[in-house]
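Structure first, commentary second.
In what follows, chains carry the letters A, B, and so on, assigned in the order in which the sequence lines appear, proteins first and then strands, with residues in each chain numbered from 1. As a basis for the values below, the full set of heavy atoms in this structure was taken, side chains included, without hydrogen atoms, waters or symmetry mates.
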Number of protein chains: 2
Amino acid sequence: MAAARVRNGGRPTLEEVAARAGVGRGTASRVINGSPRVSEATREAVEAAVAELGYVPNRAARALAGNRTDAIALVVPEPETRFFAEPYFSAIVRGVGAALADTDMQLLLTLAGNDRERRRLAQYLTAHRVDGVLLVAVHADDPLPELLEQLGMPCVISGARHANEPLASVDSDNFDGARAAVEHLITRGRRSVATITGRLEVYGAQRRLDGYRAALAAAGLPPDERLIAPADFTEEGGARAMRELLARRPHLDAVFAASDVMAAGARQVLREADRRIPEDVALIGFDDSVVARHMHPALTSVRQPIEEMGRRMAQLLLEEIAGRVGEERPTVVLPTELVVRDSS
Amino acid sequence: MAAARVRNGGRPTLEEVAARAGVGRGTASRVINGSPRVSEATREAVEAAVAELGYVPNRAARALAGNRTDAIALVVPEPETRFFAEPYFSAIVRGVGAALADTDMQLLLTLAGNDRERRRLAQYLTAHRVDGVLLVAVHADDPLPELLEQLGMPCVISGARHANEPLASVDSDNFDGARAAVEHLITRGRRSVATITGRLEVYGAQRRLDGYRAALAAAGLPPDERLIAPADFTEEGGARAMRELLARRPHLDAVFAASDVMAAGARQVLREADRRIPEDVALIGFDDSVVARHMHPALTSVRQPIEEMGRRMAQLLLEEIAGRVGEERPTVVLPTELVVRDSS
DNA sequence: CAGTGTATTGGGAGCGCTCCCAAGACCGGG
DNA sequence: CCCGGTCTTGGGAGCGCTCCCAATACACTG
């Protein structure tokens with residue numbers, strides 16, 4: 001048997017709190033929402049009543065009356081397995097959760113399927129009345145951000161999509177992470193440093209390549225396009241790129257891969273080619289994932305502050321919802337950290 | 001400037017849909033909720049109006065009037081990093097998301113902190129009026145499940161907490177996964193098979209140990225308690241246990257670790273002791289995580305269908321919310337799969 | 001043809017809250 | 001002592017929806 005339906009799930013209502021405190025409903029509401037226009041004595045009376053009854057506001061009623069929901073959505077593009085995979089997703093969620101812990105904002109998780117679904121999603125997000133949206137791993141050609149913008153829905157994305165990102169965004173410093181990694185290789189005496197890039201349509205991958213170039217230039221090493229092999233963030237792609245590099249420049253002595261997973265693919269090929277790591281070839285990855293820690297030899301890698309990124313995204317969104325003065329959209333870039341292990 | 005506040009965010013209301021279709025509000029509601037007591041002609045008229053106006057029901061209003069929310073919460077115990085880590089969390093979420101995709105249920109993510117917060121959480125969950133709760137990685141002594149039960153809140157947990165789990169639960173077949181792993185070792189000629197267990201207060205860890213014992217018994221191998229080393233699911237714990245095992249039984253020729261991470265710790269110790277894997281000692285893990293695939297040699301491991309577990313949890317919860325006839329709580333146990341790689 | 005049912009419909013009465021207006025309490029200046 | 005202001009307060013009017021009751025329309029049955 002289902003339990004008999006009770007008003008408000010058997011919970012006290014604002015009206016009851018007000019009655020108990022001997023005040024009107026409006027006054028009780030004012031206290032609960034922290035309005036300053038309440039006398040001290042009244043405030044205390046209401047707070048006591050709240051505590052005694054264990055009152056918690058009914059969100060649905062609040063949302064309906066107040067035209068807001070105190071909820072934000074985290075939209076995850078489902079097919080984008082790269083992002084769904086370790087370590088991004090859980091770290092982002094943890095950061096967002098931490099930022100929301102003190103608020104009474106709720107976090108709604110939405111898995112967006114294909115592009116058609118994405119279009120409908122915008123409609124749903126407005127209809128379901130979330131106060132804002134966190135978009136993770138959007139492609140440059142994803143229609144969702146613009147749709148949300150048109151609907152006037154506050155929105156923060158992770159990772160700028162290009163140099164002048166119009167939306168509020170939080171990103172790690174891909175350029176400087178790559179630069180520091182390559183600088184580290186050069187400092188340790190490597191002279192022929194190759195790189196395996198991610199998909200260059202992804203702005204972050206492009207920035208990592210820029211950082212690689214900048215480090216070489218800063219060290220006075222001549223650029224060599226044949227030391228640059230494009231890949232796609234996958235292990236197979238990394239292996240393929242490594243084979244190309246070995247064929248083109250057999251005497252390279254270091255490789256900077258734009259992701260740990262690609263570094264894993266490269267390591268496999270290097271092993272098959274009997275190149276010792278790090279004696280013959282130094283190897284650095286990007287992400288500092290579980291893979292890096294458990295690779296043999298343990299992989300030097302660039303750590304992104306992903307949890308912190310989640311936290312900042314949430315903070316930015318909350319500010320935007322609260323109504324930032326509409327200057328240009330803020331772009332937060334967080335520093336990376338080079339974690340040196342045995343592979344370099 | 002914030003956009004001027006508009007009724008219902010500028011979206012059409014049920015009233016408008018009804019007017020457009022030339023019917024009453026009640027009738028429109030009936031069509032939208034799929035009531036059978038509507039004539040065919042009326043249904044079509046309302047559906048046309050819905051399509052033309054792009055009507056989407058206002059969730060808050062629905063929740064308030066209907067005393068339900070069409071939302072469920074996924075409660076993640078935050079300090080439990082083991083569970084938050086790869087691969088569980090994202091896989092569970094993916095499964096839950098898939099199960100919810102066809103419904104119009106929303107998924108709420110709640111990170112529960114310490115035990116005190118957990119107590120308050122139960123209150124919040126009822127006040128926030130979710131229709132049900134998905135609990136992952138609950139400890140045997142977590143107060144939350146009982147609290148939810150008392151409040152009459154539908155609830156499904158991942159992983160039974162003990163042999164007679166009173167709550168609806170979804171679990172992988174820990175017993176048979178372990179049994180199959182050890183059987184595989186024995187089949188390949190290993191005769192002195194050790195095991196590194198997880199924390200035995202965790203029911204799943206206990207079951208894996210049971211499976212280990214059952215496999216030995218089935219093969220007619222004598223039980224040897226000194227081949228069993230307890231650990232705690234961590235890498236350091238796995239290493240420590242492995243050292244103990246080597247000291248106690250130097251001639252062991254196989255180890256079944258109850259998690260990949262512990263297997264990684266064990267591998268480190270085996271390497272330091274100059275035992276070759278798999279020539280001298282075969283090694284098997286549990287979870288089939290990224291760690292297993294990237295370990296050297298690649299680790300044979302027991303794969304749990306985690307995404308499927310998420311899916312089943314959501315399905316079970318939906319059934320419970322819909323009002324299953326209250327027989328005993330269902331317990332779903334899903335089969336595991338032994339992924340054989342190079343370490344065995 | 002009256003009587004009884006069945007299928008379909010409209011709309012009133014809320015759900016618990018926020019917003020806001022008007023009323024009361026109180027203060028000080030003229 | 002009266003008047004205009006400020007500070008508090010109560011409670012009406014919704015928010016958009018679901019639930020449910022009563023009304024209507026129609027089809028039978030006896």
Side-chain angles (χ1 to χ4, degrees), chain A residues 2 4-46 49-50 53-71 104 126-129 131, chain B residues 4-46 49-50 53 55-71 104 126-129 131:
Chain A
R5 262 261 303 282
V6 203
R7 284 165 87 262
N8 201 22
R11 304 201 62 84
T13 68
L14 183 58
E15 196 87 47
E16 285 159 7
V17 170
R20 173 127 192 173
V23 301
R25 180 169 31 77
T27 305
S29 171
R30 250 163 261 143
V31 171
I32 282 154
N33 292 292
S35 157
R37 346 193 96 274
V38 187
S39 74
E40 198 49 42
T42 309
R43 159 162 287 116
E44 277 164 21
V46 173
V50 166
L53 296 175
Y55 171 78
V56 181
N58 179 316
R59 268 181 186 265
R62 219 177 216 185
L64 182 56
N67 206 42
R68 70 195 158 109
T69 52
D70 294 333
D104 66 343
T126 23
H128 293 171
R129 313 218 54 75
D131 295 340
Chain B
R5 263 261 303 281
V6 203
R7 285 165 85 259
N8 200 24
R11 305 202 60 85
T13 69
L14 184 58
E15 197 87 47
E16 286 159 3
V17 170
R20 173 123 189 177
V23 301
R25 180 169 32 76
T27 304
S29 172
R30 249 162 264 145
V31 171
I32 282 154
N33 292 293
S35 155
R37 346 194 95 275
V38 186
S39 75
E40 196 51 40
T42 309
R43 160 162 284 117
E44 277 165 20
V46 174
V50 166
L53 297 174
Y55 171 77
V56 182
N58 179 317
R59 268 180 186 266
R62 220 178 215 182
L64 182 55
N67 205 44
R68 70 192 159 115
T69 51
D70 294 334
D104 65 344
T126 24
H128 292 171
R129 314 216 53 74
D131 295 340

Between [N] ([atom2]) and [X] ([atom1]): distance, integer Å:
X	N	atom1	atom2	answer
Asn67(B)	dA13(C)	CG	C1'	16 Å
Ile32(B)	dC19(D)	CD1	P	13 Å
Asn58(A)	dC15(C)	CG	P	12 Å
Arg7(B)	dC19(C)	CZ	P	16 Å
Glu40(A)	dT8(D)	CD	P	10 Å
Tyr55(B)	dG16(D)	OH	P	10 Å
Glu15(A)	dG11(D)	CD	P	9 Å
Glu16(A)	dG11(D)	CD	C1'	17 Å

- Message: Quick check on DNA chain C: between Ala28(B) and Thr13(A), whose nearest nucleotide comes earlier from the 5' end?
- Response: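 Per heavy-atom nearest nucleotide, the more 5' residue is Ala28(B).
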
So which atom in [X] and which in [Y] form the shortest heavy-atom distance, rounded to 0.1 Å?
X	Y	result
Tyr55(B)	Thr13(B)	CE1-C, 3.6 Å
Arg62(A)	Ile32(A)	NH2-CG2, 3.7 Å
Asp131(A)	Asp70(A)	OD2-N, 2.7 Å
Val56(A)	Arg11(A)	CG2-NH2, 4.0 Å

Quick one: which of [options] gets closest to the side chain of [X]?
X	options	result
Val38(B)	dT18(D), dT9(C), dG16(D)	dT9(C)
Asn8(B)	dG16(D), dC17(C), dG10(C)	dG16(D)
Asn33(B)	dC17(C), dT18(D), dC15(C)	dT18(D)

- Query: Within less than 4.0 Å of OP1 or OP2 of dC7(D), is there a side-chain N or O belonging to Ser39(A)?
  - Reply: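 Checking dC7(D) against Ser39(A), no side-chain N or O comes under 4.0 Å of OP1 or OP2.
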
- Task: Return no unless some side-chain N or O of Ser29(B) is found under 4.0 Å from OP1 or OP2 of dC19(D).
- Result: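 So the side-chain polar atoms of Ser29(B) never come under 4.0 Å of the phosphate oxygens OP1 or OP2 of dC19(D).
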
- Query: How is Arg25(B) classified with respect to the nucleic acid when contacts are heavy atoms under 4.0 Å: base, sugar-phosphate, or nothing?
  - Reply: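 Base contact.
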
- Task: Could you tell me whether Arg37(A) contacts a base, only the sugar-phosphate backbone, or nothing, with contacts defined as non-hydrogen atoms closer than 4.0 Å?
- Result: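 Base contact.
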
- Message: On the side chain of Arg59(B), is there an atom forming a donor-acceptor pair with the base of dG16(D) - under 3.5 Å, no angle test?
- Response: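 When only heavy-atom distances are counted, Arg59(B) does not reach the base of dG16(D) through any donor-acceptor pair under 3.5 Å.
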
- Has the side chain of Arg30(A) got a donor or acceptor atom sitting under 3.5 Å from an opposite partner on the base of dG10(D)?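 Yes.
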
- In Å and rounded to the nearest 0.5 Å, what is the CD to CZ distance from Glu16(B) to Arg25(B)?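 Here the interatomic distance stands at 13.0 Å.
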
